[in-house]
Amino acid sequence: MSQIKAVFFDQDGVIIDTERDGHRVSFNMTFKEYGFTDEWSVEYYHELLQIAGGKERMKHHWKTKGFSRKMTEEEIDKLIPEMHKRKTALFVELIETGKLPLRPGIHRFMQEAMEAGLKIAVCTTSNEQAAKAITEKILKDIQFELVLAGDVVKKKKPDPEIYNLALSKLGLKPEEVFVVEDSKNGVVAAKAAGMKTVVTTNGYTEKEDVSAGDVIVTCLGDPKGEKAALRKGNLAGFDGLVHVEQLVETFGR
């Protein structure tokens, strides 16, 4: 029997439903500021989400569709970091002004993890500034043992590098941790690192193949708000809320 000692969270789509109304909107605002007429639709952005990392998505867009203004590879490689920095500032502003609320149950769940004595970490390919806006401001009452974000690793999800780094930094074995993810890429990364995985799907990821997850729910559930629907897994006494105690018991067997 393994003792669960920590829980690792992805950020975008897990802590805050950021992709459609956060990152996508911020990208479009940035394009407009830089004089481009490009606008990423909800459907097209879902395609782009299969590529991890904002800078990488912009480069892919340039390669496959081209921006509204023609640029050489040298020009786009110089412009992308600058645009991504501006996009991140706009995204952080959306978070700090409360326009992107926490996903149902996430705050309650993190509090339960703290009370259970578990170490809490965030492992995200999102920009470090955005991660800090969430962990140090919106979730300032939660004690995070580790926040890994942005370009801290060379290979992004679905590669397990970020999760392996978190395990190494905290001195933990894969069987001592479970991960909360929302997407196929995230699940593949977590499972490749050898960890049990809870999947909280959202509008973008509910149709993705996340079947490798050990427990799959629509959200973590709020007592006075949206309840979770259990798609996969057995949670003792499940009542529309996912509790840390249930997962510790399930994964610690």
Side-chain angles (χ1 to χ4, degrees), residues 1-18 100-124 131 134-148 163 166-167 170 172-184 186-187 189-191 193-206 208 210-253:
M1 185 172 179
S2 305
Q3 183 188 356
I4 299 296
K5 297 179 179 178
V7 52
F8 295 171
F9 294 87
D10 174 45
Q11 176 182 286
D12 297 330
V14 170
I15 298 176
I16 291 180
D17 205 349
T18 49
L100 296 173
L102 293 171
R103 285 205 70 194
I106 193 73
H107 187 257
R108 168 192 60 79
F109 191 83
M110 286 182 171
Q111 284 182 319
E112 288 183 6
M114 283 174 59
E115 289 164 8
L118 300 187
K119 293 180 178 179
I120 302 173
V122 172
C123 302
T124 177
I134 293 172
T135 57
E136 295 178 5
K137 294 181 181 178
I138 294 179
L139 293 170
K140 61 185 177 183
D141 61 328
I142 302 296
Q143 183 181 341
F144 292 95
E145 199 76 24
L146 181 68
V147 177
L148 296 178
Y163 284 127
L167 288 169
L170 294 178
L172 294 167
K173 299 173 184 176
E175 60 268 25
E176 295 174 327
V177 183
F178 70 87
V179 177
V180 184
E181 269 286 357
D182 71 308
S183 67
K184 180 181 178 180
V187 173
K191 298 304 288 183
M195 293 181 284
K196 297 289 187 182
T197 309
V198 179
V199 185
T200 59
T201 59
N202 55 56
Y204 266 138
T205 64
E206 62 186 2
E208 291 185 13
V210 292
S211 58
D214 299 281
V215 173
I216 302 174
V217 289
T218 53
C219 65
L220 294 174
D222 266 331
K224 296 180 181 179
E226 184 180 342
K227 298 297 189 294
L230 184 61
R231 305 295 192 210
K232 179 185 176 183
N234 295 309
L235 298 176
F238 179 74
D239 59 355
L241 304 180
V242 181
H243 295 286
V244 168
E245 185 181 6
Q246 293 168 318
L247 295 168
V248 168
E249 182 183 340
T250 299
F251 296 151
R253 289 172 187 159

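Values below: all heavy atoms of this structure, side chains included; hydrogens, waters and symmetry mates excluded.
- Here the closest heavy-atom approach between residue V147 and residue A131 is recorded as CG1-CB, 4.1 Å.
- Annotation: the span from Q11 atom CD to I134 atom CD1 amounts to 3.5 Å, rounded to 0.5 Å.
- Remark: side-chain polar atoms of K232 are paired, donor with acceptor, to backbone N or O of S211 under 3.5 angstrom.
- Atom CZ of residue F144 and atom OG1 of residue T135 lie 5.5 Å apart, to the nearest 0.5 angstrom.
- In this structure, F8 and Y163 have parallel ring planes: the angle between them is below the 30° cut-off, well short of the 60° mark.
- The backbone N or O of Q246 lies less than 3.5 Å from no partner atom in the side chain of E249, so there is not a single donor-acceptor pair.
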Stepwise salt bridge (charged side-chain N to carboxylate O under 4.0 Å, His left out) test for K191 and D214
CA-CA 10 Å; K191 298 304 288 183; D214 299 281; 2.8 Å; yes
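- A side-chain donor-acceptor contact under 3.5 Å links T197 to the backbone of M195.
- Checking each of D222, T200, V14 against R103 for a side-chain contact (heavy atoms from CB on, under 4.5 Å) leaves exactly one that passes, namely T200.
- Under a 3.5 Å cut-off, the side chain of E206 and the backbone N or O of T201 do not form any donor-acceptor pair.
- Counting only heavy atoms from C-beta outward, the side chains of D10 and C123 never approach each other to under 4.5 Å.
- Minimum heavy-atom separation, C219 to E226: SG-OE2, 3.9 Å.
- Contact annotation: the side chain of R108 approaches that of L241 to within less than 4.5 Å [non-hydrogen atoms, C-beta and beyond].
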For the pair V179 and F9, evaluate side-chain contact (heavy atoms from CB on, under 4.5 Å) and give the outcome as yes or no after the intermediate values.
CA-CA 6 Å; V179 177; F9 294 87; over 6 Å; no
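- Two residues are said to be in side-chain contact when any heavy atoms from C-beta on lie closer than 4.5 Å; L102 and I138 meet this criterion.
- Within the 4.5 Å cutoff, the side chain of E112 has heavy atoms near those of the H243 side chain.
- Atom CE of M114 and atom CD of E145 lie 11.0 Å apart (nearest 0.5 Å).
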Apply the test side chain to side chain donor-acceptor pair (under 3.5 Å) to residues D141 and H107: give CA-CA distance (whole Å), side-chain angles for both, the deciding distance (0.1 Å), then the verdict.
CA-CA 9 Å; D141 61 328; H107 187 257; 2.8 Å; yes
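- Distance CG/L172 to CD1/I4: 10.0 Å, rounded to 0.5 Å.
- Distance check: L118 CG to E176 CD gives 11.5 Å after rounding to the nearest 0.5 Å.
- Contact annotation: the side chain of V187 never approaches that of E208 to less than 4.5 Å [non-hydrogen atoms, C-beta and beyond].
- A pairwise comparison of heavy atoms in A228 and L220 identifies CB-C, 4.1 Å as the closest pair.
- Using a 4.5 Å heavy-atom threshold, the side chains of L235 and L247 count as touching.
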Apply side-chain contact (heavy atoms from CB on, under 4.5 Å) to the pair T124 and L148, showing each step before the final yes or no.
CA-CA 6 Å; T124 177; L148 296 178; over 6 Å; no
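- R231 places no side-chain N or O within 3.5 Å of a backbone atom of V199 that could act as its donor or acceptor partner.
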Audit row: V215, F251, side-chain contact (heavy atoms from CB on, under 4.5 Å) steps and yes/no
CA-CA 10 Å; V215 173; F251 296 151; 4.0 Å; yes
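- Scanning all heavy atoms of the two residues, the minimum distance from K140 to E136 falls at CB-O, 3.3 Å.
- Within 6.0 Å of the CD atom in Q143, the count of heavy atoms belonging to other residues, nucleotides or ligands does not exceed 12.
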Going through the checks in order, is the side-chain contact (heavy atoms from CB on, under 4.5 Å) test met by I142 and Q111?
CA-CA 7 Å; I142 302 296; Q111 284 182 319; 3.9 Å; yes
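- Contact detail for F109 and V180: the closest heavy-atom pair is CE2-CG2, 4.3 Å.
- When side chains are defined from C-beta on, V122 does not count as touching L146, because their heavy atoms never get closer than 4.5 Å.
- You'll find the side chain of M110 reaches within 4.5 Å of the side chain of L139, heavy atoms only.
- Contact detail for T205 and D182: the closest heavy-atom pair is OG1-O, 2.6 Å.
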